[in-house]
Amino acid sequence: MPELPEVETVVRALRDPLVGRTFSGFESYWPNQIVVPDDVNQLRDRIRGRTVTAITRRAKYIVMSLDDGAETLIVHLKMTGHLAVVPTDQPVHKHVRNLFHLEDGDDLRFRDVRKFGRIYLVKDPLEILAKLGPEPLEDDFTTDVFTQRIAGRTRVIKPLILDQTIVAGVGNIYADESLFYAKIRPDRHANTLTQSEKDLLWAGIRHSLQNGIDREGASIDSYVKPDGTKGDMQNAVNVFRRTGNPCYDCGTPIERIVLAQRSTHFCPVCQK
DNA sequence: ACCGGAGCCTGTTAGC
DNA sequence: TGCTAACAGGCTCCGG
């Protein structure tokens with residue numbers, strides 16, 4: 001499942017084959033994924049002839065600037081999305097839902113088994129991205145900023161750090177890993193955390209996300225890099241999907257509970 | 001503010 | 001073996 005590190009890996013891999021390329025067409029096999037504009041033909045018309053001038057990441061969104069910001073194409077991979085530049089003469093995989101033709105014989109193909117992924121074409125990216133919280137790996141995301149953003153909150157801590165308006169980009173894997181790093185039980189309420197626990201959680205979020213980027217993502221479900229190869233973060237998780245297996249620190253079996261309808265994994269001894 | 005549930009989806013897996 | 005039901009989960013919307 002693509003979270004911040006997986007999306008960052010995709011963005012880095014797409015830069016070389018995509019920046020400087022010009023769209024020449026568009027085909028949709030599942031238009032429900034296109035949120036804006038509401039008409040496929042309008043998207044095709046607006047995108048044709050536009051050149052990708054930059055690809056960046058904001059939270060879990062892939063942001064493609066076209067003609068220096070004249071238009072912005074935004075893609076969210078959600079659970080099973082996969083984006084890659086592929087030669088046009090290559091057979092179209094059965095899970096390709098939307099396909100952007102590029103000049104000079106390639107396609108940008110959006111594969112997505114579960115069709116949860118979303119596509120947006122907007123004049124102003126803030127139309128989609130404005131509500132997001134701070135980028136957790138930026139220098140200005142200090143422990144004081146984190147403390148301030150959860151101040152006064154009484155919610156259970158794990159759903160709180162999954163809230164994209166609190167801090168952007170943390171998903172289920174990295175939430176569990178961050179809480180393990182901080183030795184905090186995921187079902188604690190935010191207002192019960194001490195300052196040193198908040199500091200540790202801030203560090204845990206940054207550490208686990210950076211580790212995920214360094215390892216080019218976690219190939220736990222269907223996630224693979226644009227070139228089809230796996231990341232390495234699945235080999236470095238301490239708790240995620242390790243239910244019943246011994247904690248690497250104390251040997252106690254990892255437990256699984258459900259919080260906010262998400263499976264949650266933790267060490268009942270190490271995490272207080 | 002916060003929570004729970006539905007909905008969006010289909011491939012995989014657990015259970016009978 | 002073969003079938004069905006449950007499960008996976010990012011995000012939004014809705015009602016309480």
Side-chain angles (χ1 to χ4, degrees), chain A residues 1-11 28-36 38 57-63 74-83 93-98 110-120 122 125 127-133 135-136 148-179 186-193 205 208-209 212 217-224 230 233-234 237 239-244 254 256-266:
Chain A
M1 62 210 78
E3 303 180 26
L4 186 154
E6 289 74 25
V7 177
E8 178 66 26
T9 302
V10 171
V11 163
S28 184
Y29 310 106
W30 197 258
N32 286 359
Q33 296 197 291
I34 305 161
V35 181
V36 281
D38 52 20
R57 179 192 57 72
R58 174 71 173 109
K60 303 173 196 171
Y61 293 85
I62 296 164
V63 182
I74 299 176
V75 174
H76 196 304
L77 302 174
K78 292 286 178 89
M79 305 299 303
T80 56
H82 178 267
L83 262 189
H93 187 281
K94 63 182 284 199
H95 293 141
V96 170
R97 311 300 185 189
N98 288 280
F110 187 18
R111 243 161 63 185
D112 190 1
V113 169
R114 287 180 224 176
K115 302 177 177 175
F116 277 18
R118 291 292 178 260
I119 294 170
Y120 314 81
V122 291
E127 193 181 313
I128 307 301
L129 309 174
K131 283 178 286 187
L132 293 166
E135 280 293 322
Q148 189 263 323
R149 291 194 78 78
I150 63 174
R153 299 307 198 103
T154 61
R155 293 173 65 183
V156 174
I157 189 63
K158 178 176 170 182
L160 190 64
I161 61 174
L162 285 173
D163 185 332
Q164 301 297 297
T165 67
I166 298 293
V167 49
V170 178
N172 211 29
I173 298 174
Y174 297 93
D176 283 0
E177 294 301 314
S178 301
L179 286 159
D187 54 359
R188 288 270 300 280
H189 286 262
N191 56 324
T192 69
L193 299 185
I205 290 169
S208 61
L209 291 173
S219 293
I220 289 181
D221 279 329
S222 62
Y223 168 79
V224 289
K230 292 184 177 186
M233 184 61 187
Q234 68 278 9
V237 295
V239 289
F240 190 76
R241 298 255 182 108
R242 293 198 61 246
T243 310
I254 299 301
R256 176 186 182 273
I257 57 175
V258 175
L259 293 176
Q261 301 155 271
R262 311 252 165 90
S263 61
T264 298
H265 316 77
F266 68 101

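Residue numbering restarts at 1 for every chain, and letters A, B, ... go by the order of the sequence lines.
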Exercise. Touch check for A/Arg153, heavy atoms < 4.0 angstrom, all strands: base, sugar-phosphate only, or nothing?
Worked result: sugar-phosphate

For this session: State which of C/dC11, C/dG9, B/dC9 makes the closest approach to the side chain of A/Lys78.
Result: C/dC11

Problem set entry | Given A/Leu179, A/Thr243, A/Leu259, A/Ile257, the one that forms side-chain contact (heavy atoms from CB on, under 4.5 Å) with A/Phe266 | A/Ile257

For this session: Identify, between A/Val258 and A/His76, the residue whose nearest nucleotide on DNA chain C lies closer to the 5' end.
Result: A/Val258

For this session: For B/dC8, take OP1 and OP2 only and decide whether either is under 4.0 Å from a side-chain N or O of A/Trp30.
Result: no

Problem set entry | Heavy-atom side-chain contact between A/Leu132 and A/Arg58 under 4.5 Å | yes

Exercise. Can you check the A/Arg256 CZ to C/dA6 P distance for me, whole Å?
Worked result: 15 Å

Seminar exercise, completed: Of the listed B/dT10, B/dA1, C/dG9, the closest approach to the A/Val113 side chain comes from B/dT10

Exercise. Looking for any heavy atom pair under 4.0 Å, which part of the strands does A/Ser263 touch: base, sugar-phosphate only, or nothing?
Worked result: sugar-phosphate

Exercise. What nucleic acid atoms does A/Arg262 come within less than 4.0 Å of, heavy atoms only: base, sugar-phosphate, or nothing?
Worked result: base

Exercise. Atom CG of A/Leu259 to atom P of C/dG10: distance rounded to whole Å?
Worked result: 13 Å

Problem set entry | Atom pair distance, as rounded to whole Å: CD1 in A/Ile150 and P in B/dA1 | 15 Å

Exercise. With under 30° as parallel and over 60° as perpendicular, where do the rings of A/His76 and A/Tyr61 fit, or are they tilted in between?
Worked result: perpendicular

For this session: Compare every heavy atom of A/Leu162 with every heavy atom of A/Ala175, then report the nearest pair and how far apart it is.
Result: CB-CD2, 3.8 Å

Exercise. For A/Arg241 and C/dG9, what is the distance between atoms CZ and C1' respectively, to the nearest whole Å?
Worked result: 9 Å

Problem set entry | Closest listed nucleotide, where the reference is the side chain of A/Arg155 and the choices are C/dC11, B/dC9, B/dC2 | B/dC2

Seminar exercise, completed: From CZ of A/Arg114 across to C1' of C/dG9 the rounded distance in Å is 7 Å

Exercise. Do A/Asp176 and A/Arg241 meet the salt-bridge criterion of a basic N to acidic O distance under 4.0 Å?
Worked result: no

Exercise. So, is A/His95 near the phosphate of B/dC9, with a side-chain N or O under 4.0 Å from OP1 or OP2?
Worked result: no

For this session: Please work out if A/Asp112 contacts a base, only the sugar-phosphate, or nothing of the nucleic acid, heavy-atom cut-off 4.0 Å.
Result: nothing

For this session: Would you mind checking if A/Lys60 and A/Glu3 are paired as a salt bridge, meaning a charged N to carboxylate O distance below 4.0 Å?
Result: no

Exercise. Roughly, in whole Å, what's the span from OH in A/Tyr29 to P in B/dC9?
Worked result: 18 Å

For this session: Within residues 161-174 of chain A, find the residues that approach DNA chain B with a heavy atom at under 4.0 Å, and present them sorted by residue number.
Result: none

For this session: Nearest-nucleotide wise, let me know which of A/Gly152 and A/Gln261 is further upstream toward the 5' end of DNA chain B.
Result: A/Gly152

Problem set entry | Phosphate contact (B/dG11 OP1 or OP2) by A/Thr80 side-chain N/O below 4.0 Å | no

Exercise. Is the aromatic ring of A/Phe116 within stacking range of B/dC8, meaning centres under 5.5 angstrom and planes under 30 degrees?
Worked result: yes

Exercise. Can you tell which of B/dG11, C/dT12, B/dC2 lies closest to the side chain of A/Tyr61?
Worked result: C/dT12

Exercise. Hey, does the side chain of A/Lys60 come within less than 4.0 Å of C/dC11's phosphate (OP1/OP2), counting only N and O?
Worked result: yes

Exercise. Under 3.5 Å, is there a donor-acceptor pair between the A/Asn98 and A/Ser28 side chains?
Worked result: yes

For this session: For A/Glu135 and A/Ala59, indicate whether the former's side chain and the latter's backbone hold a donor-acceptor pair under 3.5 Å.
Result: yes

Exercise. For A/Asp187 and B/dC2, what is the distance between atoms CG and P respectively, to the nearest whole Å?
Worked result: 16 Å

Exercise. Would you call A/Asp112-A/Lys78 a salt bridge at under 4.0 Å N-O?
Worked result: no

Problem set entry | Protein-nucleotide distance (A/Leu129, atom CG; C/dT12, atom P), rounded to Å | 11 Å

For this session: Pick base, sugar-phosphate or nothing for A/Arg111, based on heavy-atom distances below 4.0 Å to the nucleic acid.
Result: nothing

